[in-house]
Every structure is written in C-alpha cells, then in structure tokens.
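Inspection log for the structure reproduced underneath, given as structure tokens.
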Amino acid sequence: MALFIYNTLTRQKEKFKPIHEGLVGMYVCGPTVYSDSHIGHGKSYVSFDVIVRYLRYLGNKVLYIQNITDVGHLLDDGEDRMLKQSKIEKVHPMQIAEKITRSYFEDMDKLGIVRPDISPRASGHIIEQIEMVKQLLAKGFAYEVNGSVYYDVQKFNKYGKLSGRVLDEAVEGTRVESRSEKRNPADFALWKKAESGHIMHWPSPWGEGFPGWHIECSAMSMKYLGETFDIHGGGMDNQFPHHECEIAQSEAVTGKPFVKYWIHNNLVTVDGKKMSKSFGNFVTLKDAFIKYDPLVVRFFILQSHYRSTLDFSDEALQGARTGYEKLLTTIRNLREELQKAESEKRNEGISFDLSLYKKRFMEAMNDDFNAPLAMGVIFELSRETNQALNSEQKLSIDFLRQIDMCFSELGGRILGIIPEQISTKKDGENIESQLIDIHIKVRQQAKQEKVWWAADLIRKELEALGIRLEDKKDGTIWHRAK
RNA sequence: GGCGCCGUACCCAAGUGGAAAGGGAGAGGUCUGCAAAACCUUUAUGCGACGGUUCGAAUCCGCCCGGCGCCUCCA
C-alpha cells in the first residue's frame with residue numbers, strides 16, 4: 001500500500017516518494033495577518049494538518065513550515081493591505097500583525113491543528129529576500145527601474161508550467177500597461193520602492209523599499225527546506241500568479257527543480273459563491289465557534305475532500321454537529337464500558353475484526369488523503385462498536401482497549417476529531433459531579449417508588465443546566481450536552 | 001475571450017468501466033414508566049439532458065444545459 005498524491009504540476013495522482021527516504025520537507029502558504037481568519041482558512045489549514053499528521057503516522061519525519069505574511073501585499077490602488085488596516089485602526093502596522101498572528105494561532109489551536117514546526121515571518125527575512133533579488137539581477141532574470149526591481153518573465157521559459165498558462169502576447173502594448181515601469185505586463189515586482197508615507201520599508205541596494213508579493217515564500221521555504229523540497233501547499237487561488245512566480249524565482253536562482261509535489265486545496269463557498277475577504281461574505285472562525293464547537297467545524301471540513309469545494313450553510317453545519325455528537329457518544333459509551341470492565345477485572349468476552357477497518361481507512365487516506373471516505377469507515381466501526389456494546393455478551397478489557405486504541409489512532413491521531421478526554425461522570429470528583437450523583441441517587445429512589453413527576457423534574461432541571469441524564473440498563477449516566 | 005473545475009436522494013458527500021460508501025433529515029420498529037441514547041428496517045432500477053463506444057458507463061467520448069473558480073490581493 002503506497003501513498004498517492006494529486007500533484008498539480010503533473011495534473012495526476014503520483015506515488016509519493018520523498019527526496020530523502022523517511023524525511024519530508026513541506027511548506028504551506030500561511031495567512032496575511034491583517035484580519036481574523038475565516039472558515040476558508042479553517043478548511044485550508046485543517047486539510048494540510050491532516051496531511052502532515054498522516055505523513056507522520058506513516059513514519060516520516062516531517063519538517064512543516066508555514067509562513068506569516070506580515071509585510072503585506074499591494075492592493076489595486078497601490079496601497080498595502082496591512083498599511084490600510086493600520087490607518088483604519090490608527091496603530092502601527094506591526095501591532096496589527098502581532099494581534100492577528102496571535103488570533104490566528106488561537107483559532108488554529110481550537111481547530112486541533114498541530115502547529116507548524118517553524119512559522120517564519122516575512123518581515124524577519126528581508127535580508128534573505130534581498131539576497132535572492134540580487135542573485136536574480138546577477139543572473140539576468142530581473143531588471144531595476146527607478147528603485148524597484150522586476151522579474152523578467154520572458155527570460156524564464158518554463159513560466160506557466162504550474163498553472164498551464166501561456167504568456168499572452170496580445171496583452172502587450174495596451175494603454176494602461178504601457179505607462180507601467182514593467183517591460184512586460186506579466187512581469188512582477190521583486191522589490192518595490194517605498195513612496196513617501198509608506199511606513200514599512202527597509203534599506204536595500206536599490207534604496208528604501210519593501211519586498212514584492214511572491215519573494216518571501218521562495219526565500220523562506222528554501223532557507224529552511226533547501227533548494228528542492230518535497231511538498232508545497234496552498235489554496236487553489238494561489239496557484240496563479242503566486243506559486244507560478246515562486247517557481248520562476250526559485251528555479252531561476254538555483255537552476256534546480258523547486259518543488260516535487262504541489263498540493264492545492266479547494267475553496268469554501270457561501271451560498272455557492274466563493275468566500276473571500278474582498279467579497280465581504282466571509283464567516284470568521286470566531287463567529288462560527290460561537291455557534292458550533294470548533295471540532296464540529298473540523299469534522300464538517302473533513303466530510304468533504306480537500307480538492308472539492310465546500311459549501312458553508314447552517315443546515316450542513318447542524319447536520320455535521322449531530323453526526324459528530326453521535327460519534328462522540330459511541331466513544332463515551334466505549335470508555336465507560338472499559339472503565340467498568342477494568343473494575344470487574346473482566347478478562348473474557350466477545351470480539352470482532354478490527355483489522356479490516358484499519359485497512360480500509362488506510363486505503364482511503366493513501367488515495368490522495370481521502371478523509372471523507374476514511375470518516376465513513378470510522379462511522380461503520382462506530383456502528384459495529386455500538387452493536388457489540390448493546391449485545392448481551394460482554395467485551396473483555398483487552399478488546400475494549402483495542403477498539404479504543406483504534407478510534408484514538410485513526411480518528412484521534414490522524415484525523416484529529418476524537419479528543420483523548422471526553423466528559424463523563426468520571427471526569428473529576430469535584431463538588432459538581434458529587435452533587436449530580438446525589439440527584440441521580442434521589443431520582444433512582446423516586447423511580448423505584450414510581451414517583452415519575454419527581455424523576456422527570458430532576459432530569460428536566462439538570463438538562464436546563466446543560467447536564468444530560470441517560471438511563472441505561474444498569475444505572476444512570478450523565479454528561480454535558482454540547 | 002483564455003485556462004480549469006463541478007453537476008450523485010430532501011440536505012451534505014464518497015465513488016471515475018462490472019451489484020450506488022458514509023453523515024444529517026424523514027418513515028416504521030425493538031428497548032424504555034416516559035425521555036434520551038443505541039440498534040434494526042426503509043428512503044436514487046437512479047448519478048444535469050441527449051447521443052455514442054462497450055457484453056457492461058455515474059465512471060470513457062461528443063454535444064448541449066446549468067453552476068463555479070483563476071486570469072487582479074486572497075486559504
């Protein structure tokens with residue numbers, strides 16, 4: 001069983017073979033930190049999180065780099081989006097960057113995303129970026145005009161190999177572009193001269209200025225991962241021009257292939273339309289988390305394939321929530337039963353075949369990280385587990401542990417949707433749980449004496465406090481309602 | 001206009017040549033004092049439309065309809 005990955009560069013699924021066996025270098029385009037993350041960021045980084053987790057599960061040592069863009073990108077009107085936001089808030093741009101970076105990690109942590117090994121800031125790598133621009137100039141791939149440096153796209157004959165685009169001759173000479181400093185409309189900035197009033201700028205051989213839109217990813221990825229590395233990921237919307245330009249810059253400097261596998265995740269839509277900051281139709285993660293548990297959002301994201309679009313709607317999220325809670329109920333019941341088996345020292349019992357579930361799960365993940373298919377396998381395991389737990393025959397401690405390990409490995413360690421701890425009545429012998437236990441005892445007495453109104457009242461009142469009671473065959477359990 | 005993607009049940013969503021996964025919602029049932037949970041049964045002779053290739057197509061080819069993305073910053 002080998003892992004196959006869809007490579008945007010070749011437009012087909014390829015067998016994954018890292019450059020150095022057992023070691024994987026991976027770079028994913030991170031956020032531009034000028035406003036809170038939205039569901040789209042969630043989908044992107046959850047998808048890549050599962051990819052990293054799975055590569056590690058397979059035994060690879062993964063070095064995962066994800067940049068923080070705190071220099072900003074130019075808008076149509078020539079204004080930097082970080083500067084624009086800082087003017088709105090009347091604070092230094094770096095304050096915005098710092099605040100949003102913290103907010104970003106906060107959201108990602110809640111989604112259960114394992115942090116990247118290195119989160120390099122663009123502003124902290126100006127020297128490396130200047131160095132690259134110097135080399136591009138020296139090799140004749142770039143030209144300087146009036147304090148700015150541009151990449152000469154015509155000099156790089158492989159330009160367009162990622163996005164399948166060809167340079168359009170017809171665009172040349174149009175009136176708008178003829179006023180530009182660029183020799184060719186497709187040329188892009190490597191270094192921009194800072195106009196007066198531009199707050200963020202650094203000294204360079206070409207005067208005060210700031211790095212271009214694409215150079216940071218080339219400079220930082222190669223700094224930490226080498227001139228050729230295994231995986232570069234990002235949103236589909238970054239395929240062109242961003243990633244195309246990264247290839248052009250990097251390969252022009254090194255003369256070597258930049259990246260072996262390009263992975264692009266698809267976008268989130270809202271009512272069928274792309275969600276983006278510039279559309280203003282985006283739902284921030286913080287907003288979503290008010291209504292839905294972050295892990296429900298993660299579950300929802302993983303219910304569709306990373307290369308498919310995901311349409312965000314309340315109806316779909318609510319469906320995901322119910323499904324997710326059902327899964328957690330299975331885990332909760334399983335762990336309750338395990339604790340009981342342990343206290344009974346139950347060594348004998350029935351069992352069923354777990355290996356088939358593992359095999360099918362792995363097959364799904366090996367086929368270009370098919371998480372939704374893998375989740376289907378988890379649900380089938382959940383059903384068989386429930387059947388066994390409901391059966392008259394008991395399961396042994398050992399087998400219950402095996403099931404728990406299977407869920408923890410596949411659903412926990414790889415997919416990140418099953419937490420290690422789930423609230424049960426055993427979580428802490430605090431005063432609260434002792435009080436609830438007293439209520440359960442009183443209610444038990446009421447039930448025995450068939451004083452139904454009292455039994456129902458206790459259950460109803462506790463429910464209102466978010467404590468749900470469930471009467472099982474051999475007693476009452478409680479847990480917090482999500 | 002150029003390049004590309006998608007259209008599977010009421011909703012979400014796998015499946016890319018050989019008996020239509022999975023989740024939600026709905027219906028019926030088992031269990032239960034009642035709930036809840038769980039389990040069982042059920043819900044697309046059908047995969048946007050029409051042609052074609054094939055013993056066989058959701059899956060390949062053609063055409064048409066509908067939706068979306070990139071080409072300008074974006075995950």
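Below, chain A is the first sequence line, B the second, and so on; all start at residue 1. Since we're looking at a predicted model, the values are computed, not measured.
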Fill in: Sugar-phosphate only, base, or nothing, as touched by A:D456 at under 4.0 Å among non-hydrogen atoms
base
Worksheet item: Are A:E98 and A:R102 ion-paired here, with the side-chain N under 4.0 Å from a carboxylate O?
Response: yes
Worksheet item: Is the shortest side-chain N/O distance from A:S308 to OP1 or OP2 of B:A14 below 4.0 Å?
Response: yes
Practice prompt. For the pair A:Y45 and A:H41, name the ring-plane relationship: parallel under 30°, tilted 30 to 60°, perpendicular over 60°.
Written response: parallel
Item to complete: Mind calculating the distance between NE2 (A:H305) and C1' (B:C5) to the nearest angstrom?
Response: 14 Å
Practice prompt. Choose from B:C71, B:A75, B:A21 the nucleotide whose nearest atom is closest to any side-chain atom of A:L373.
Written response: B:A21
Worksheet item: B:G69 pairs with which nucleotide, Watson-Crick or G-U wobble, both distances below 3.5 Å?
Response: B:C3
Discussion item. What contact category does A:T330 fall into here, base, sugar-phosphate, or nothing, at under 4.0 angstrom with non-hydrogen atoms?
Written reply: nothing
Discussion item. Let's test this: given Watson-Crick or G-U wobble pairing with both distances under 3.5 Å, identify the partner of B:A58.
Written reply: none
Fill in: Out of B:C34, B:C40, B:A37, whichever nucleotide has its closest atom nearest the side chain of A:T329
B:A37
Worksheet item: Checking all strands, does A:Q239 fall into the base, sugar-phosphate, or nothing category for heavy-atom contacts under 4.0 angstrom?
Response: nothing
Discussion item. By a 5.5 angstrom centroid cut-off and a 30 degree plane limit, is there stacking between A:W452 and B:G33?
Written reply: yes
Practice prompt. Evaluate side chain to side chain contact (heavy atoms under 4.5 Å, CB included) for A:L295 paired with A:R298, printing each intermediate quantity in order.
Written response: CA-CA 5 Å; A:L295 287 181; A:R298 183 182 176 101; 4.0 Å; yes
Practice prompt. Answer with base, sugar-phosphate or nothing: what part of the nucleic acid does A:N370 contact at a heavy-atom distance below 4.0 Å?
Written response: sugar-phosphate
Discussion item. Counting only Watson-Crick pairs (N1-N3 plus N6-O4 or O6-N4) and G-U wobbles (N1-O2, O6-N3), all under 3.5 Å, who is the partner of B:C47?
Written reply: none
Discussion item. Students often get this wrong, so: under 4.0 angstrom with heavy atoms, is A:L469 touching a base, only sugar-phosphate, or nothing?
Written reply: base
Discussion item. I'd like to know if A:K340 and A:E336 make a salt bridge, using a cut-off of under 4.0 Å between side-chain N and carboxylate O.
Written reply: no
Discussion item. Would you measure the distance from the P atom in B:G23 across to the matching atom in B:C40 and give it in whole Å?
Written reply: 10 Å
Worksheet item: Heavy atoms under 4.0 Å, any strand shown: does A:V268 hit a base, just sugar-phosphate, or nothing?
Response: base
Worksheet item: Between atom CE in A:M375 and atom P in B:A14, what is the gap in whole Å?
Response: 11 Å
Worksheet entry | Aromatic plane relationship, A:F399 with A:F352 - under 30° parallel, 30 to 60° tilted, over 60° perpendicular | perpendicular
Discussion item. Taking only the C1' atom of each, what is the distance from B:U54 to B:G17 in whole angstrom?
Written reply: 9 Å
Worksheet item: Reckon A:Q318 has a side-chain N or O less than 4.0 Å from the OP1 or OP2 of B:G23?
Response: no
Practice prompt. Would you kindly give the CZ-to-P distance between A:F312 and B:A75, to the nearest whole Å?
Written response: 18 Å
Worksheet item: Contact class for A:G30 vs. all strands (heavy atom < 4.0 Å): base, sugar-phosphate, or nothing?
Response: sugar-phosphate
Practice prompt. Using Watson-Crick or G-U wobble geometry with both distances below 3.5 Å, tell me the partner of B:A27, or none.
Written response: B:U41
Worksheet entry | d(CZ, A:F379; C1', B:A13) in whole Å | 12 Å
Fill in: Distance test, side-chain N/O of A:K460 to OP1/OP2 of B:A35, below 4.0 Å
no
Worksheet item: So A:F299 and A:F379, would you call those rings parallel, tilted or perpendicular, with 30° and 60° as cut-offs?
Response: perpendicular
Item to complete: Round to a whole Å and report the spacing from CG of A:N265 to P of B:G4.
Response: 21 Å
Practice prompt. Under 4.0 Å between any heavy atoms, over every strand shown, what does A:Y45 touch: base, sugar-phosphate, or nothing? Just pick one.
Written response: sugar-phosphate
Fill in: Spacing of the C1' atoms in B:U45 and B:C64 (rounded, Å)
26 Å
Worksheet entry | Among B:G33, B:A13, B:C40, the one nearest A:A455 by side-chain distance | B:G33
Worksheet item: On a whole-Å scale, what distance lies between the C1' atoms belonging to B:C6 and B:A13?
Response: 14 Å
Worksheet entry | Shortest side-chain distance from A:K274, nucleotide among B:C70, B:C73, B:A25 | B:C70
Discussion item. Please give the distance between the P atoms of B:A19 and B:U59 as a whole number of Å.
Written reply: 16 Å
What protein N or O atoms touch nucleotides 6-12 of chain B N or O atoms at under 3.5 angstrom, if any, and at what distances?
none

Fill in: Side-chain N,O (A:N390) to OP1/OP2 (B:C31) below 4.0 Å
no
Worksheet item: Does A:F105 have A:R115 sitting over its ring (NZ/CZ under 6.0 Å from centre, angle to axis within 45°)?
Response: yes
Worksheet item: Is the A:F258 ring parallel, tilted or perpendicular to the A:F229 ring (thresholds 30°, 60°)?
Response: perpendicular
Practice prompt. Test A:F16 against every option in A:Y261, A:F4, A:F369, A:Y54 by the ring-ring contact (aromatic ring centres under 6.0 Å, His included) rule and name the one that passes.
Written response: A:Y261
Discussion item. Distance check needed: B:C74 C1' versus A:I39 CD1, whole Å only.
Written reply: 16 Å
Fill in: Among B:A14, B:G22, B:C74, the one nearest A:N238 by side-chain distance
B:C74
Discussion item. Suppose you measure atom C1' in B:U8 against the same atom in B:G46; what distance do you get, rounded to whole Å?
Written reply: 9 Å
Item to complete: Would you mind classifying the nucleic acid contact of A:R459 as base, sugar-phosphate or nothing, using non-hydrogen atoms under 4.0 angstrom?
Response: base
Worksheet item: The side chain of A:K273 lies closest to which of these nucleotides: B:A75, B:G69, B:A14?
Response: B:G69
Worksheet entry | Along RNA chain B (nearest heavy atom to each residue), the more 5'-positioned of A:N333 and A:K43 | A:N333
Item to complete: Could you tell me the separation between the CG atom of A:N266 and the P atom of B:G4, rounded to a whole number of Å?
Response: 16 Å
Discussion item. So if I take every side-chain heavy atom of A:F240 and compare against B:A75, B:A14, B:C71, which nucleotide ends up nearest?
Written reply: B:C71
Worksheet item: Got a donor-acceptor pair under 3.5 Å from the side chain of A:D237 to the base of B:G69?
Response: no
Worksheet entry | Partner nucleotide, any strand, of B:A75 [Watson-Crick/G-U, under 3.5 Å] | none
Worksheet item: When you compare B:G22 with B:U41, how far apart are their P atoms, in angstrom units rounded to a whole number?
Response: 11 Å
Worksheet item: Going by distance alone, is a donor N or O of one side chain under 3.5 Å from an acceptor N or O of the other, for A:E384 and A:Y357?
Response: yes
Item to complete: Could you tell me whether A:R335 and A:D404 make a salt bridge, using a distance below 4.0 angstrom between a side-chain N and a carboxylate O?
Response: yes
Worksheet item: Rounding to a whole Å, what distance do you find between A:L410:CG and B:G22:P?
Response: 18 Å
Discussion item. So that I can tick it off, tell me whether A:D471 and A:R443 are bridged by a salt bridge, with the cut-off set at under 4.0 angstrom between side-chain N and carboxylate O.
Written reply: yes
Discussion item. Which nucleotide wins on minimum distance to the side chain of A:S44, given the candidates B:A75, B:C74, B:A14?
Written reply: B:A75
Worksheet item: Which listed nucleotide (B:G2, B:A21, B:A36) is nearest to the side chain of A:R165?
Response: B:G2
Discussion item. Does A:G234 reach a base, just sugar-phosphate, or nothing at all? Heavy atoms under 4.0 Å.
Written reply: sugar-phosphate
Worksheet entry | Whole-angstrom distance between B:G4 and B:A9, as gauged at atom P | 27 Å
Practice prompt. Answer with yes or no whether A:R468 presents, from its side chain, a donor or acceptor under 3.5 Å of a partner atom in the base of B:A36.
Written response: no
Worksheet item: For the side chain of A:P241, counting heavy atoms from C-beta on, which of B:A13, B:U72, B:A75 is nearest?
Response: B:U72
